[in-house]
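Working notes, structure below.
Both counts, for ligands and for their atoms, begin at 1 and track the order of listing. Keep in mind it's a predicted model, so treat the numbers as computed, not measured.
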Amino acid sequence: MGTRELGLPERVPATDGLPERVTIWEVGPRDGLQNEKSTVPVTVKLEFLDRLAAAGLTTLEATSFVHPKWVPQLADAEELLAGLNRRDGVRYPVLVPNERGLDRALAAGVSHIAVFGSATETFAKRNLNSSLDDQFAMFEPVVTRARAEGLDVRGYLSMCFGDPWEGPVSPEQVVRVGKRLLELGCSQLSLGDTIGVATAGQVERLVDTFTGQGIGVDALAVHFHDTYGQALTNTLAALRRGVSTVDSSAGGLGGCPYAESATGNLATEDLVWFLDGLGIEHGADLDALVSASAWMAERLGRPSPSRVVRALAG
Ligand code: HMG
Ligand code: MG
């Protein structure tokens, strides 16, 4: 029997205390498309988002209100938000670095934003044109104003495991910087392996360092890029520690334009196959996701990097 005939993995629930349900935080339309060489037409982005919502994903990170010169691929953020088919029960967070970005996001009617900080000095400079300390001065009025407007604010933290300029990043440093984001008022901290170098032991150690300092796993999410093929293994390590929000990107699109060597995120389809096998609830439909990503891969003119999409599409 070929993989296509098999269709879905056999469900064999794990017995060692994994969460019963995982929230998939879909980042493909933002983290994926921000890194495309060509600019994807807004109509294609809108259809991609709608196909992902129809596939049962309920958190779709739609775009970023960053400087259009820094990320030209997302310069159409206003147009995208205006054209969005907002479905009931689906949230559409956007990235916002500063007050100018918040003004734009509020004018576009968003209800969920994410600020994005760096655990290292070098990446703060390269990604935000800021020092590590100054990034907090930039975020503080954003988070305060956004919360006063009733918005939910997520905090991303990049380079939590390794940084291409600074090498390995210590868990103590990550916790120190991550705590500052939570103290600003972020409801959740997403731990980014921006360049995909983390391994499972590092993930366990980092989550343990957070919990050891009184930050519960409910406040944490994981955001793995798959450069070295470790994203799913790292996800399992995080789930075993009780983390239950996982960022992923449909079709494995992605990367960061300001992080050399970053490839796509953990593919949503690979995550869903894995969660289905373990009997963990997530609410998404694998076949519908595969066809959305295969459709997007055709628009981009190259095959999806997701192993599951390649196995099941066509
Ligand atoms: P800057 O050049 O230092 O900005 O960039 P500035 O504050 O000096 O302002 C310069 C001009 O830009 C001003 O205009 C501002 O109004 C304008 P002027 O007065 O000269 O006419 N400006 C803006 N315009 C539109 N929207 C804005 C905005 N802000 C200022 N929001 C800045 C600083 C933070 C803006 C810039 O560095 C930036 O946009 N960076 C974004 C980089 C980015 O998006 N990276 C990818 C996302 S992070 C990621 O992918 C990692 C993640 O996935 C997790 C992981 O994997 O680790 C989240
Ligand atoms: Mg990322």
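Comparing Asn127, Val66, Val71 by heavy-atom distance to atom 40 (N) of ligand 1, the nearest is Asn127. In the candidate list Asn98, Asp193, Asn129, Val27, Asn129 is nearest to atom 3 (O) of ligand 1, counting heavy atoms.
For Ser130, the closest heavy-atom approach to ligand 1 does not fall below 4.0 Å.
Contact detail for Phe161 and Ala198: the closest heavy-atom pair is CG-CB, 3.5 Å.
Annotation for ligand 1: atoms under 4.0 Å from non-hydrogen atoms of His225 are 56 (O). Interface of Leu128 with ligand 1, defined as ligand atoms under 4.0 Å from a residue heavy atom, comprises 33 (C), 34 (C), 37 (O). Listed by number with element, the atoms of ligand 1 under 4.0 Å from a non-hydrogen atom of Pro68 are 25 (C). For ligand 1, the atoms lying closer than 4.0 Å to a non-hydrogen atom of Gly101 are 31 (N). Set against the non-hydrogen atoms of Ser158, the atoms of ligand 1 under 4.0 Å away are 51 (C), 54 (C), 55 (C), 57 (O). Per-residue contacts place Gly192 under 4.0 angstrom from the following atoms of ligand 1 (heavy atoms of the residue considered): 57 (O).
Look at Asp31 and the Mg ion (ligand 2): an N/O/S atom of the residue is under 2.8 Å from the metal.
With sequence neighbours excluded, the residues satisfying salt bridge (Lys or Arg N to Asp or Glu O under 4.0 Å) with Arg11 are Asp276. A search for ring pair (Phe, Tyr, Trp, His ring centres under 6.0 Å) contacts involving Phe210 returns nothing, not counting sequence neighbours.
The distance criterion of under 3.5 Å between nitrogen or oxygen atoms is not met by Tyr156 with respect to ligand 1. For a threshold of 3.5 Å applied to N or O pairs, the pair formed by Phe65 and ligand 1 contains at least one separation below that value.
With a 4.0 Å heavy-atom cut-off, ligand 1 is reached by the side chain of Asp31 but not by its N, CA, C or O. Of the heavy atoms in Ser64, none comes closer than 4.0 Å to ligand 1. Only the side chain of His223 comes within contact range of ligand 1, with a heavy atom under 4.0 Å; no backbone atom does. When non-hydrogen atoms are compared, ligand 1 lies under 4.0 Å from the side chain of Arg30 (C-beta onward) but not from its backbone.
Counting heavy atoms from C-beta on, the side chains of Gln202 and Val197 never come closer than 4.5 Å.
Taking 4.0 Å as the cut-off between side-chain N and carboxylate O, Lys179 and Glu183 do not count as a salt-bridged pair. Taking a cutoff of 4.0 Å between a charged side-chain nitrogen and a carboxylate oxygen, Asp152 and Arg147 do not qualify as a salt bridge. Remark: Lys125 does not engage Asp134 in a salt bridge, criterion side-chain N to carboxylate O under 4.0 Å. Remark: Glu36 engages Arg302 in a salt bridge, criterion side-chain N to carboxylate O under 4.0 Å. Checked for salt-bridge contact, Arg310 and Asp270 miss the test: no charged N lies under 4.0 Å from a carboxylate O.
Between Phe123 and Trp165, the two ring planes are parallel [angle under 30°; tilted spans 30° to 60°].
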